Protein chains: 2
Amino acid sequence: MRRNRADDPDHGVELLWRERDDGSRPALTLDRIVRAAVEVADAEGLAGLSMRKVAERLGFTTMSLYRHVPGREHLVDLMRDAALGEPPPEPAAKGGWRPRLETCVRQGWEVRRRHPWLGEIRGTRHLPGPNSVAHYERMLSIVAGTGLAPAEVIAAIELVGRFVDAEAQVLVEVARAERSSGVSEQEWWGARDSLYARLGSYPTITYLWEAGGFDEPEDPFEFGLARVLDGIELLVRRRDETRDESLACQLCGNPVEQSASGRPRAYCSRACQQRAYRKRRSG
Amino acid sequence: MRRNRADDPDHGVELLWRERDDGSRPALTLDRIVRAAVEVADAEGLAGLSMRKVAERLGFTTMSLYRHVPGREHLVDLMRDAALGEPPPEPAAKGGWRPRLETCVRQGWEVRRRHPWLGEIRGTRHLPGPNSVAHYERMLSIVAGTGLAPAEVIAAIELVGRFVDAEAQVLVEVARAERSSGVSEQEWWGARDSLYARLGSYPTITYLWEAGGFDEPEDPFEFGLARVLDGIELLVRRRDETRDESLACQLCGNPVEQSASGRPRAYCSRACQQRAYRKRRSG
DNA sequence: ATATATCGGTGTACGCCATAAACAAGAAGG
DNA sequence: CCTTCTTGTTTATGGCGTACACCGATATAT
């Protein structure tokens, strides 16, 4: 005997992974509810999404939704998967992991521009649907080819994912504030004279201010994405180096991994190679 | 004639930067309200913070708070500044920018462990108080000494700030979910068999799963912090490099040891040199 | 054919939330 | 004394998620 369908995550899984019915019936359907909910959230953000509004948009009562959806939380899960959509096919298996990952991230960024509320989803127990998983799988597969350890692959994808979400969140908050107040972000902060009057005693802030650092800011998404990817790339390079040392070195005994082509490596590192050379020469 | 104090950010500035009254009076005070609010938020998160609860904790009616605070939003601003506190003095002007910045970030991380709701604050128009600005000033000053452009300094600090907030947010969400449901995160996700049953057809996920990548995950904060700082460091090195060439490896950015004589080295290692060669050749 | 169960949808109700507006009592100042 | 300001209370508005009882229609079992 189960207490309540709203508390049953397995039911959520069933809904997310349901077989879609092709024909659209005239009545209230899960798909129609999800579509309507996405429209509401697109227009008013996740905070502006309420069961009432969704029901009104469909011409039903609020509680009728609960016949098809266990509750608001599950509805958000369904909305996310619907909004993400299937990942677009990759043009070809070309390019290194970095440009491939970058296009993935930018696609995610684009989706979040269409559905800004995606970044507003809070909570760590949201079930992934088929589309979420497909995106996840693709990103993982791209980074999995770099030679990073499995846990590192996962952590890297988590990092970029969170980064995109965080940036998207800022975007949506700016937009909402501007819409609700009618004052642009620049205008609003520009009018905070009573605050700036107190900042004169902070030397660095003053310096950066006078140097124009606040007037012509870096694009936060572009800047952050470059830094994060650089950080990951550095890790990949470091792993490459250590892996080269790791299969069968003639000098130090550490194993060296052989590359597919080229002259087979005898030493784990340039250092060992050099040491061996000196040893040969000195007799 | 101003319409409403709640809509007046300048009033918020006044409150945040007010002179603290030394003696604590017996009546309802702004400081007492803020303290009580912080206690509530510490216990129940920012979502659990309501004007009612704060008032009840102080033994007043809800509306009495509005005599001292313009509204909930402003109260959050005040809470943040109170919770941040003054930045602890730096032990000495020692170390490079990176370890100094890292300790700063870790301090921020610590504060967020004491006051997890700090990461839950949404919105881009939250006024900084004296403590927020002091922290900001310090971080900026650390990165300002690296030779980055002013806008880059600001963007870098924004990036790490957002990173810490995002990670803290995850922490607090996990904690809340565990507290409200009584089920630990691992337990909950471990019980999602109906989900995992569908993941078999995703090769990378399956591979990473079987390789144990999900069982022994990287610490997301440590991993992300390292990557982000690496990314910033790489930018710093590149900027250094453009100033006087051949200080850093042209490929990976690691410092290059120059020998006293001979042709100056462009790469930090044979590995990087070779990778650069391959990159040149492949275009 | 009749009884029973299930499904889709409705209406009401409860307990939360922020805060606007009017009001009351005391302190302060003219 | 009268006015005005400060501080706190009361009342009310409009929003939210969702539990629960109910109702007609349909499907199933007897």
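Just so we're clear, the structure is a prediction, and the values are computed from it rather than from any experiment. Every chain is numbered from 1, with letters handed out A, B, ... down the list of sequences.
Put simply, CD on B:Glu73 is 11 Å from P on C:dA18, counting in whole angstrom units. Across the protein-nucleic acid pair, B:Arg32 atom CZ and D:dT7 atom P stand 14 Å apart, rounded to whole Å. Rounded to an integer number of Å, the gap from B:Leu58 CG to D:dT7 C1' is 15 Å. For the pair B:Met63 CE and C:dA24 P, the interatomic distance rounds to 17 Å; values are reported in whole Å. Atoms CZ (A:Arg67) and P (D:dA25) sit 17 Å apart, rounded to a whole Å. Distance, B:Leu28 CG to D:dT9 P: 8 Å, rounded to whole Å. Atom CD in B:Glu44 sits about 12 Å away from atom P in C:dC16, given to the nearest Å. If you measure from atom NE2 of A:His74 to atom P of D:dT18, you get 10 Å, rounded to the nearest angstrom.
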Contact list (N/O, under 3.5 angstrom) for nucleotides 14-17 of chain D vs protein:
unit_1	atom_1	unit_2	atom_2	d
D:dC16	OP1	A:Ser50	OG	3.1
D:dG17	OP1	A:Met51	N	3.4
D:dG17	OP2	A:Met51	N	3.1
D:dG17	N7	A:Arg52	NH2	3.0
D:dG17	O6	A:Arg52	NH2	3.3

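Listed candidates were D:dT7, C:dG11, C:dA20. Nearest to the side chain of B:His68 is D:dT7.
A salt bridge links A:Glu158 with A:Arg162: at least one charged nitrogen is closer than 4.0 Å to a carboxylate oxygen. Classification of A:Lys53 and A:Glu44 as a salt-bridged pair holds, one side-chain N sitting under 4.0 Å from a carboxylate O. The pair B:Arg125-B:Glu73 does not count as a salt bridge, with every side-chain nitrogen at least 4.0 angstrom from each carboxylate oxygen.
In summary, the side chains of A:Gln107 and A:Arg112 do not present any donor paired with an acceptor at a separation below 3.5 Å, with no hydrogens or angles considered. One side chain, A:Thr204 or B:Glu137, offers a donor N or O that lies under 3.5 Å from an acceptor on the other.
One finds a side-chain N or O of A:Ser64 lying less than 4.0 angstrom from the OP1 or OP2 phosphate oxygen of C:dT10.
To the nearest 0.5 Å, atoms CG (A:Asn131) and CD (A:Glu86) are separated by 6.0 Å.
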